[in-house]
Amino acid sequence: MSANCEITITGPQEAQTKSSLIVVSNRLPFVLKRDPKTGKLSRHASAGGLVTAVAPVVIKGKGLWVGWSGITLTDENEPIPESDPTDNTPTAGLLSEQVVSVNVEPKLFDSYYNGCCNGTFWPLFHSMPGRATFCADHWKSYYEVNKEFAARTIEALAIAVRKNTHPGVPLIWIHDYHLMLAANWIREAADERNLPYQMAFFLHIPFPPWDIFRLYPWSDEILQGMLACDMIGFHIRDYCLNFVDCCQRNLGCRVDRKNLLVEHGGRSVRVRPLPIGIPFDRFVELAHSARKVINTNQKIILGVDRLDYTKGLVNRLKAFEVLLEKHPEHRENVSLLQISVPSRTDVKEYQELKEEMDQLVGRINGRFTTANWSPIRYIYGCVGQEELAAFYREASVCLVTPLRDGMNLVAKEFVACQINEPPGVLIVSPFAGAGETMHEALLCNPYELDAAAEVIHRALTMPEDERTLRMSRMRRREMQHDVNSWMRQFLKAMGSLEEDDIGTTTMQPVTVDDFDDYLLNYIGYNHKLALLLDYDGTLAPIAPHPDLATLPPETKNVLQRLSNHSDVYIAIISGRNVENVKQMVGIEGITYAGNHGLEILHPDGSKFVHPMPIEYEDKVSGLLKSLQDSVCGDGAWVENKGPLLTYHYRETPPELRPAMVEKARQLIIQFGFRAAEAHCAIEAKPPVQWNKGRASIYILRTAFGVDWSERIKIIYAGDDMTDEDAMMALKGMAATFRVTNSQIIKTSAERRLPSTDSVLTMLKWVERHFMRRKPRANSLTYRGKKKDCVKMQMAFDLVPNTSAANSAASSSDERD
């Protein structure tokens, strides 16, 4: 990893509890196997985030673990063997006396586990009710097994009370969709026996919305079972809100959506988002030690999933096929490596999915394979952790695109293993919990194949500086919010954490649209602010002619006052040429970017100009003359901006416009320029890899140094398609606003503002916010504000022209 992507902080230490912790899960943190020759039992550790995080706390705190052992014991009193002395897994120190094994007759367990849990709850909770089966016998089995788990948990609670190893009240923590009823019987029996306890539940898969959840005939019983706990945890706030909504609409409970509280049975039940993490340091170690497994110069797109219909594997392969169709430049340069771990191989539905995947891989490979290249490498089987870490480390792109997923830890594992320079790019589905928390990843809707292909193309062609920036932020967050942090947050929420965890807080997504909640939560009281603003249609209303689009006096006055505040930095990024936008705004001491960032004028007077391919310097004049001769007149005209041209057609008669616009577009393309849509205009752009997004990152790096993303907060506001490049580049790293009065426009912005007046309102809010704050003594130094301006190393694939170079800054699964 490059120096500007290096992680220097350390994650939270292992949690310690003030209470006896009793973990209740479908499986124990290990499975038992019987030697067919000797008949002896042996322990074999299980993998997974739950085991990694929770087992050490249970071991050190002398807690207990209740669960199924993996086999049915003919003698329920048969002792559980101790761990192998050479075992170095997280469960190695878990003594047999800390294990309470649940024994269930095989036929009953199959009906409960395969019938109800996997046949009904799994598809239903993943919002795929068409795949769910609703069977009364399976429900009865689920009911009986949960009752047995509750009985064994009461035994464990009695043991914990008798031992009395901790001063706090024993804490029972029930896990996942297998045991949503057990808390009812636990509470009833514990209260009858006057056993002290507190109880929590955590769901490792999504919780569905009400219109899906209510399809289940016994949905009321499920809610009542979960509400027997004192706190219920989910991965993200959306799942919390779905649960709260179901409690209100199904049971008529009084709820508090803002504070996530549900009143039930005379108690107030807390509902909390607790996004799970991974053992980050462990994966970093594996990435450093793993041998090289990919020996090719091709870029590798990696997918790692269980073979399950929720993972969107068919959609992923089809999107990759569209990528090869639409972007043939990736053929023979890019390969998709899909690792599919077998799952439920005895179930017909899963067998059909495997057959469909095999056929699809064969068809795509048959269509595109050449003598030296095959587009898809498909591995159907299990891959060891060390080899998996090597795949993560060496992949250029990781696709985590499920149709629905609770969190998906593959995304986090990939980020942890990104130790090489330059790093790879993570693509996640918005329908996974990871898509809600890993903001710097590229979002990809797996249902929209064409758009998914374009996201993959963007990842493959993303500049190194942007890849490094996004990955460094994700690595920092995932290190802080690792699996130990998740455990500590849970214990803290239950009042059972031995020491307060300083510096880790549960991530809360912004849900309120007004500036006070949205911007105040984002900016806070300690950060500097960079305002990146478009001009036409954002600061100034759109006018029939560019010369008439003047900056309203009130807007100019607010910008002037903000520019004088040492904690606020302003850059105007416009499609106009740089001298024109500076003249229209007329404020000294701020940054101006013209021609969508091809020209940047710094506050100190120095100028950056993106180099233009020599052959296009002559083509500009030829295109200008051709447009003027062929499609000008009747109100249409061409604006010459130097490195690019803009064909304006706002004043053309509606009946003539389509033909004129199409002819202008064809002329622009014929001359080798890119035709970009603007407000009643088409811009002829040279084919250089530069836009408002690249320009925004360059401006921020130049002003604040290579670690700008850790030092400042950013607001970007713009009104047209050229601004979308910046909103995509800054996604997850800025508060972004699209200025539009249309409700049907697609945008990468986080919020919409209906007009330039709304932009002014936002700027006034920013002014009031910073006027209430005193400038800090260590205000950020940026170009033009102080003499000792920040020096930085440019990390772009460009060479500024001579004058610019002289004056610019130099340097260079939840499921078991």
Side-chain angles (χ1 to χ4, degrees), residues 117-133 176-177 203-213 215-216 234-236 238-239 242 275-276 301-323 336 338-344 347-361 364 376 378 380 397-412 414 426-438 441-456 459 813-815:
C117 294
N118 293 335
T120 305
F121 292 143
W122 180 260
L124 188 72
F125 279 49
H126 285 84
S127 297
M128 298 180 180
R131 293 181 178 272
T133 58
D176 225 1
Y177 61 104
L203 187 69
H204 292 259
I205 63 174
F207 194 89
W210 175 72
D211 58 343
I212 298 291
F213 183 71
L215 299 177
Y216 191 59
F234 300 92
H235 285 302
I236 60 175
D238 280 353
Y239 305 158
N242 285 346
I276 196 170
I301 303 171
L302 178 66
V304 180
D305 309 83
R306 282 187 310 100
L307 190 66
D308 191 280
Y309 51 76
T310 63
K311 302 301 181 181
L313 299 178
V314 171
N315 302 56
R316 182 181 304 168
L317 294 182
K318 290 180 177 178
F320 182 66
E321 182 179 24
V322 173
L323 173 77
L336 171 63
Q338 177 61 52
I339 299 172
S340 296
V341 179
S343 176
R344 300 186 71 193
V347 177
K348 182 181 179 182
E349 201 168 23
Y350 286 72
Q351 294 169 352
E352 292 173 348
L353 175 61
K354 181 184 183 302
E355 184 178 350
E356 184 178 9
M357 287 288 292
D358 291 342
Q359 291 176 353
L360 194 54
V361 169
I364 296 173
I376 301 175
Y378 184 53
Y380 176 70
V397 177
C398 182
L399 286 174
V400 180
T401 54
L403 305 179
R404 192 68 168 148
D405 217 335
M407 175 56 75
N408 196 301
L409 299 182
V410 167
K412 297 171 181 280
F414 171 74
L426 175 64
I427 298 176
V428 298
S429 164
F431 311 120
E436 292 290 323
T437 60
M438 304 180 78
L442 300 186
L443 286 183
C444 169
N445 185 338
Y447 292 96
E448 196 176 358
L449 300 184
D450 287 330
E454 289 304 316
V455 174
I456 299 172
D813 201 282
E814 304 84 15
R815 185 181 180 190

According to ring pair (Phe, Tyr, Trp, His ring centres under 6.0 Å), who are the partners of [X], at least two apart in sequence or on a separate chain?
X: Tyr239; value: none
X: Tyr378; value: none
X: Tyr380; value: none
X: Phe320; value: none

Answer whether the closest heavy-atom distance between the side chains of [X] and [Y] falls below 4.5 Å.
X: Val304; Y: Phe414; result: no
X: Phe431; Y: Asn445; result: yes
X: Glu355; Y: Gln359; result: yes
X: Lys311; Y: Asn408; result: yes
X: Leu317; Y: Val361; result: yes
X: Val410; Y: Cys398; result: yes
X: Ile236; Y: Thr437; result: yes
X: Pro446; Y: Arg316; result: no

**Prompt:** Does the His235 side chain pair with the main chain of Ile205, one donor and one acceptor, at a distance under 3.5 Å?
**Reply:** no
**Asked** Any donor and acceptor pair, going by atom type alone, linking the side chain of Ser340 with main-chain N or O of Arg306 inside 3.5 Å?
**Response** no
Working to the nearest 0.5 angstrom, can you tell me the gap between [X] [atom1] and [Y] [atom2]?
X: Ser127; Y: Asn242; atom1: OG; atom2: CG; value: 8.0 Å
X: Leu399; Y: Leu336; atom1: CG; atom2: CG; value: 6.5 Å
X: Leu353; Y: Leu307; atom1: CG; atom2: CG; value: 4.5 Å
X: His204; Y: Asp176; atom1: NE2; atom2: CG; value: 5.0 Å
X: Ile376; Y: Gln338; atom1: CD1; atom2: CD; value: 9.0 Å
X: Met128; Y: Ile212; atom1: CE; atom2: CD1; value: 10.5 Å

**Asked** Which of parallel (below 30°), tilted (30 to 60°) and perpendicular (above 60°) describes Tyr177 and Trp122?
**Response** tilted
**Prompt:** Do the ring planes of Phe234 and Phe207 sit parallel (below 30°), tilted (30 to 60°) or perpendicular (above 60°)?
**Reply:** perpendicular
So which heavy atom on [X] is nearest to which on [Y], and how close?
X: Leu313; Y: Asp305; answer: CD2-OD1, 3.5 Å
X: Tyr309; Y: Pro123; answer: OH-CB, 3.3 Å
X: His126; Y: Pro206; answer: NE2-CD, 3.6 Å
X: Pro430; Y: Cys444; answer: CD-O, 3.2 Å
X: Pro275; Y: Met407; answer: CB-CE, 3.6 Å

**Complete:** Across all chains, not counting sequence neighbours, the salt bridge (Lys or Arg N to Asp or Glu O under 4.0 Å) partners of Glu356 are none
**Asked** Can you name the residues that form a salt bridge (Lys or Arg N to Asp or Glu O under 4.0 Å) with Glu321, not counting sequence neighbours?
**Response** Arg363, Arg367
Under the side-chain hydrogen bond (donor to acceptor under 3.5 Å, both in side chains) rule, collect the residues that match up with [X], sequence neighbours excluded.
X: Ser429; value: none
X: Glu349; value: Arg131
X: Asp450; value: none

**Asked** What residues, two or more places apart in sequence or in another chain, satisfy side-chain contact (heavy atoms from CB on, under 4.5 Å) together with Ala459?
**Response** Val397, Val425, Ile427, Leu442
**Request:** Please list, chain by chain and in numerical order, all residues satisfying side-chain contact (heavy atoms from CB on, under 4.5 Å) with Ala411, sequence neighbours excluded.
**Result:** Val400, Leu426, Val428, Ala434, Met438
**side-chain contact (heavy atoms from CB on, under 4.5 Å) between Leu403 and Tyr447, worked out** = CA-CA 8 Å; Leu403 305 179; Tyr447 292 96; 3.4 Å; yes
